[in-house]
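Each remark here refers to the structure printed beneath this line.
All chains are named by letter (A, B, ...) in the order of the sequence lines, taking the proteins before the strands, and each is independently numbered beginning at 1.
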Amino acid sequence: MIQGSGDIYEKVMDLAKRRGFIWPTSECYGAVAGFIDYGPLGAMMKRRVENIWRDFYVIQEGYYEIECPTIAQEAVFVASGHVKGFSDKMCQCPHCKEFLRADHVAEGGGVAGAATMANEMLAAAIATCKCLACEEVLGKVEVFNFNLMFKTSIGPGSQRTGYLRPETAQGMFVDFTRLLRFYRDHLPFGAVQIGKSYRNEISPRQGMIRLREFTHAEAEIFVHPDQKDHPKFSRYADYIMPLLTATQQEKNEPAVSFSMQDAVAQRLIANEYVAYYLALTHEMLVKIGIRPDRLRFRQHLCTERAHYAADCWDAEVYSDRFGWVETVGIADRTDYDLAAHARHSGTPMTVFIQYGEPKKVQRRRIVPNMSVLGKQFRTKAKAVFETLATATPTVDGADIDVDGEKIHIPPELFEVRNEIFEVRGEDIVPHVIEPSYGIDRMCYAVLEQAYDEDIADGESRTVLRLTPCVAPVQVAVFPLMNRDGLDTIAMEVTRTLQKKGLLAEYDDSGAIGRRYRRQDEIGTPFAVTIDYQTKDDRTVTIRDRDSMKQVRIAIDRISETICDLVNGSAQFSSL
RNA sequence: GCGCCGAUAGUGUAGUGGUUAUCACUAGGCGUUGCCAACGCCUAAACCCGGGUUCGAGUCCCGGUCGGCGCACCA
């Protein structure tokens, strides 16, 4: 248990800074709010978290990872809606200098339709409203847009505007036609991306929780709009976890546990795809060391959900310091993104779905005699053909209206054909299921939950109880004494472990107890000690970080045993 | 962005406007040490940044940066 009254956040961040997990960025010039550096151990731990994420999405789901630039041209974000919608209309109170959301001021002052007003109009409209902070009547103010995207220019001069991406998702959307081809033209398929995203937060606080540059891991799964049953749903059908539905939130009720199958059947979750990734996310977060009792899934209320989303859930992790923190978002974004990019770019973003049986469709077609009518109408011919195609002719011919001019086309100059077509399929715009992970928040949650202080031999001990699969250093190797050849054997053991791909740290400085404590503090789960008995019978001890117990094992089995312990296929208690 | 508070070795700290800035832990070296922060000797290491007041500023004043809290913000 953690002793004393110190703030957990302070303790965790202090440890993280001291031992090389997280540092303020460019400290020698003064740090910048909203940016952090991952030190040696932090970067390693984060990489392990990312690789577990890859294991779930790339290896197990089969959604390949792509890598797009962090800067994209303006058109991308015009289409996605970020240029227009990722900004807030703001104003500054001339009295108390407070920055305010202009639409909130309008709402407070009973001004309707603020969302659609131009800035000048809105400024005029709210002049009589009161400041939300100091309650003075605002008077003349300027309304301006504050866009959360970082803007830059591409190339010399400033010919082309670029933005740092506020999410990785757009990369998967703009590459849609290439991805569709890669997956050989059939649904469902998915693509994922792990990388940096940027949001120019107005006032970032809370250390690694709200960053201006953060690591985003997103999957975009393209599915048929009418087929939202996940083909592998049985994997999680009986998976039970706590859900805080919109209805429960409205009634102020706590989260209730459901199996995914029941949740979908009772329509609490929109479809199997969303449910599947809720469960997968739960499993992954538990795997990296989040305690299930500190994990819940909260459904977005209708009012907070993006207008295009059919359903949206947040995985929230409970922090002793920050309360419930949104860490993962899982949304059914429907066809919003692909439709928008298709519209703006002019590239169709559809999938051709072939019918089981071709459909026979009867169609009446009017085929004009082009050679005669073309000569007759010349430049107007095209308009005449188009109008004629939709006309309803009689036996006397067709009377059409082209640009206000009444034209009679005699029956011998066209032919009405009733044709039977075979339609083999249709083009549909896929829907997108999007699980979106904030890797930095996951890392913070892992650190906070791993942090512990206990009493060992009457002395307090700081220990990071990281699950072995995310611990940066996986095993430490100590010679009991720094002589008599024990150091040589220990170095050999270290090398053997490193050859197996394990991050093993050799340490022979100072008392053995001090070396154990040092490793405890950075979360190293296991320590191997070479003692005098090693020289007699070729055995070493493995010491478990959490229980501080030791078992003796043959030196030949050491790398195999540590590998099993680290990847979770063996437990220390059963050695 | 506003208001309040804070910032001294890696960490935690002491420091009436006046010596070479205190102490402990940590870290490094040597010795010692037969399993959980032991011990001895030695070493390294700091006044957030920029102005100002002053003969003299870690100390007082102003501005900035970062951090904490409250407000506001958080597609």
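Contacts between residues 533-542 of chain A and RNA chain B, counted as heavy-atom distances below 4.0 Å, involve Thr541(A).
Partners of Asp440(A) by side-chain hydrogen bond (donor to acceptor under 3.5 Å, both in side chains), not counting sequence neighbours, listed by chain and number: Tyr38(A). In this view, Tyr506(A) and Asp508(A) satisfy the side-chain hydrogen bond (donor to acceptor under 3.5 Å, both in side chains) rule, not counting sequence neighbours. For Asp14(A), the salt bridge (charged side-chain N to carboxylate O under 4.0 Å, His left out) partners at least two apart in sequence or on another chain are Arg18(A). For the side-chain hydrogen bond (donor to acceptor under 3.5 Å, both in side chains) test, residues two or more places apart in sequence or in another chain that qualify with Lys196(A) are Glu213(A). Applying the salt bridge (charged side-chain N to carboxylate O under 4.0 Å, His left out) test to Arg545(A) and every residue at least two apart in sequence or in another chain returns nothing. With sequence neighbours left out, the side-chain hydrogen bond (donor to acceptor under 3.5 Å, both in side chains) criterion links Gln299(A) to Asp311(A).
Tyr9(A) comes within contact range of the sugar-phosphate backbone alone, with a heavy-atom separation under 4.0 Å but no base atom that close. Within 4.0 Å (heavy atoms only), Arg19(A) reaches no atom of the nucleic acid at all.
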Dot-bracket summary - RNA chain B, pairs being Watson-Crick or G-U whose distances fall under 3.5 Å, with | when paired to another strand: (((((((..(((.....[....))).(((((.......)))))....(((((..]....))))))))))))....

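The list of salt bridge (charged side-chain N to carboxylate O under 4.0 Å, His left out) pairs with a residue in residues 552-561 of chain A, not counting sequence neighbours, reads Asp531(A)-Arg552(A). Under the ring pair (Phe, Tyr, Trp, His ring centres under 6.0 Å) criterion, the residue pairs touching residues 471-495 of chain A are Phe478(A)-Tyr516(A), with sequence neighbours excluded. For residues 319-328 of chain A, the pairs satisfying salt bridge (charged side-chain N to carboxylate O under 4.0 Å, His left out) are Asp7(A)-Arg321(A), Arg294(A)-Asp320(A), with sequence neighbours left out.
Side-chain N/O atoms of Asp457(A) and base N/O atoms of C36(B) include no donor-acceptor pair closer than 3.5 Å. Put simply, the side chain of Gln550(A) and the base of C35(B) share a donor and an acceptor less than 3.5 Å apart. You'll find a donor-acceptor pair under 3.5 Å spanning the side chain of Arg205(A) and the base of G70(B), going by distance alone.
For Ile455(A) and C36(B), the CD1 to C1' distance is 14 Å, given to the nearest whole Å.
Of the candidates G34(B), C35(B), C66(B), the closest approach to any side-chain atom of Met481(A) belongs to G34(B). Here the nucleotide nearest the side chain of Arg199(A), chosen from G67(B), U33(B), A75(B), is A75(B). Between C66(B), C35(B), U33(B), one nucleotide has an atom nearer to the side chain of Val32(A) than all others, and that is C66(B). Residue Ile512(A) has its side chain nearest to C36(B) when only G28(B), C36(B), C71(B) are considered. With C35(B), C66(B), G68(B) as the candidates, the nucleotide lying closest to the side chain of Tyr516(A) is C35(B).
Each of Asp14(A) and Met548(A) was matched to the nucleotide of RNA chain B holding its nearest heavy atom; the match closer to the 5' end belongs to Asp14(A). Residue Arg518(A) is the one, among Arg461(A) and Arg518(A), whose nearest nucleotide of RNA chain B lies closer to the 5' end (criterion: closest heavy atom).
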Identify the pairs formed between an N or O of the protein and an N or O of nucleotides 38-42 of chain B at a distance under 3.5 Å, and give each distance.
from	atom 1	to	atom 2	distance (Å)
A38(B)	OP1	Arg514(A)	NH2	2.6

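Ring centroids of Tyr198(A) and Tyr163(A) are separated by 6.0 Å or more, keeping the two rings apart. Taking the six-membered ring wherever Trp is involved, the centroid distance between the rings of Trp313(A) and Phe297(A) does not fall below 6.0 Å.
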